[in-house]
Protein chains: 2
Amino acid sequence: MALKYSRQREAIKEFVMTREDHPTADEVYMNVRQEFPNISLGTVYRNLTLLSDMGELLRLRVGDGVDRFDAATHPHYHFICQECGSVEDLNVPIMDDFNTHAGQGFKGQILSHSAQFYGKCANCLKTNS
Amino acid sequence: MALKYSRQREAIKEFVMTREDHPTADEVYMNVRQEFPNISLGTVYRNLTLLSDMGELLRLRVGDGVDRFDAATHPHYHFICQECGSVEDLNVPIMDDFNTHAGQGFKGQILSHSAQFYGKCANCLKTNS
DNA sequence: TTTCAAATTAGTAATGATTACTGATACCAT
DNA sequence: ATGGTATCAGTAATCATTACTAATTTGAAA
């Protein structure tokens with residue numbers, strides 16, 4: 001029941017916090033493996049889920065079928081590059097009145113929303129025509 | 001190369017078109033099976049993918065790990081009930097200036113967005129307190 | 001500091017959604 | 001009617017994720 005410290009969990013959390021992009025469980029696994037050569041993928045998943053449940057990480061589903069993890073736990077929007085698939089945070093305020101707009105003529109109750117933006121990232125813009 | 005008619009594909013398309021909700025591949029499978037008792041799940045997936053690629057259906061990923069299919073192919077937002085998981089279309093115009101808002105201070109190019117709204121559907125609102 | 005129950009781990013097996021493969025069948029232009 | 005090819009049913013494979021288990025860590029109390 002009580003949460004106990006674990007070096008693995010700490011390393012996983014540290015790693016995600018150093019990243020600006022949004023690593024997948026497998027990417028976390030590959031990297032934490034440099035410090036803990038025989039950590040198992042299951043341990044990575046279990047701790048990522050645990051940290052997300054505790055609110056220390058954000059579990060992200062941008063629609064490519066893989067879960068990503070984000071150390072920026074405040075609500076924010078995401079950009080997904082259609083060329084390279086990279087995921088970036090967008091630093092604009094959440095549009096709360098978007099909920100009201102969307103709720104016009106809707107009989108249920110809207111409490112929140114999430115949004116993803118698509119296009120070309122700065123890198124892909126300069127690389128190709 | 002050339003597309004050939006198939007009774008199974010037609011039945012799959014017909015079924016999705018009659019539905020207001022957003023059936024998963026398995027739900028399509030269960031229902032089309034009444035007309036084609038030994039249709040295979042692979043056939044359902046192949047045709048749903050094919051129809052989506054042709055633009056006759058929309059493949060939806062609302063973040064619950066299952067793909068859903070939507071016969072309403074015009075761009076629109078979706079509502080997901082946090083109680084029962086049901087998915088509904090929202091009939092409000094797409095907010096195109098949302099792209100501009102989100103792009104403030106962003107170095108890439110934003111071309112489109114998708115959004116999901118969360119809360120309680122009309123049914124769940126009246127069922128419980 | 002030793003002890004010991006409980007939490008965590010590594011390793012592996014299981015699950016669930018989706019895709020790929022294969023030999024048989026259905027479609028359709030000739 | 002026939003032949004070429006798209007599609008099918010059935011099944012195996014893949015991929016991300018979760019569950020299981022015996023062994024190891026952790027931390028608080030003796």
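First the proteins, then the strands, lettered A, B, ... as listed; each starts at 1. Just so you know, these numbers use all the heavy atoms, side chains as well, and skip hydrogens, waters and symmetry mates.
- Residues B:Leu90 and B:Met95 share a single hydrophobic cluster, defined by chaining ILVMFWY side chains whose heavy atoms lie under 4.5 Å apart.
- Across the protein-nucleic acid pair, B:Tyr45 atom OH and D:dG10 atom P stand 17 Å apart, rounded to whole Å.
- Considering only side-chain N and O atoms, A:Ser6 lies nowhere under 4.0 angstrom from the phosphate OP1 or OP2 of D:dT26.
- Cluster membership check: B:Ile39 shares its hydrophobic cluster with B:Leu50, using side-chain heavy-atom separations under 4.5 Å among Ile, Leu, Val, Met, Phe, Trp and Tyr.
- For the pair A:Asn38 CG and D:dT25 C1', the interatomic distance rounds to 14 Å; values are reported in whole Å.
- Applying the 4.0 Å criterion to OP1 and OP2 of D:dT25, one finds that A:Gln8 has every side-chain N and O outside that range.
- The nearest whole Å value for the distance from the CG atom in A:Leu48 to the P atom in D:dT17 is 10 Å.
- For A:Tyr29 and D:dA16, the OH to C1' distance is 14 Å, given to the nearest whole Å.
- Atom CZ of A:Arg33 is separated from atom C1' of C:dG11 by 13 Å (rounded to the nearest Å).
- In the set D:dT26, D:dT17, C:dC27, D:dT17 carries the atom at the smallest distance from any side-chain atom of A:Val66.
- Considering only the side chain of A:Thr49, D:dT18 comes nearest among C:dG11, C:dT18, D:dT18.
- If you measure from atom CD1 of A:Ile39 to atom C1' of D:dT24, you get 14 Å, rounded to the nearest angstrom.
- In the set D:dC8, C:dT8, C:dT18, D:dC8 carries the atom at the smallest distance from any side-chain atom of B:Thr43.
- Side-chain to base pairing of A:Lys4 with C:dA6: one donor and one acceptor N or O lie within less than 3.5 Å of each other.
- The nearest heavy atom of DNA chain C to A:Asn47 and to B:Tyr5 marks one nucleotide each, and the one closer to the 5' end goes with A:Asn47.
- For B:Arg46 and B:Thr43, the side-chain atoms include at least one donor-acceptor pair closer than 3.5 Å.
- Comparing D:dA9, C:dT8, D:dA16 by their closest approach to the side chain of A:Arg9 singles out C:dT8.
- Remark: C1' of D:dT7 and CD1 of B:Ile12 are 11 Å apart, rounded to the nearest angstrom.
- At C:dA26, none of the side-chain N or O atoms of B:Arg7 fall inside 4.0 Å of OP1 or OP2 (strictly under the cut-off).
- Atom CG in A:Leu41 sits about 18 Å away from atom P in C:dT8, given to the nearest Å.
- B:Arg59 comes within contact range of the sugar-phosphate backbone alone, with a heavy-atom separation under 4.0 Å but no base atom that close.
- Across all strands shown, A:Asp67 has heavy atoms under 4.0 Å from sugar-phosphate atoms exclusively, and none from any base.
- Residue pairs that meet the ring pair (Phe, Tyr, Trp, His ring centres under 6.0 Å) test with at least one member in residues 40-77 of chain B, sequence neighbours left out, are A:Phe98-B:Tyr77, B:His74-B:His76, B:His76-B:His78, B:Tyr77-B:His113, B:Tyr77-B:Phe117.
- Of the possible polar contacts, one joining the B:His101 side chain to the A:Pro93 backbone as a donor-acceptor pair under 3.5 Å is found.
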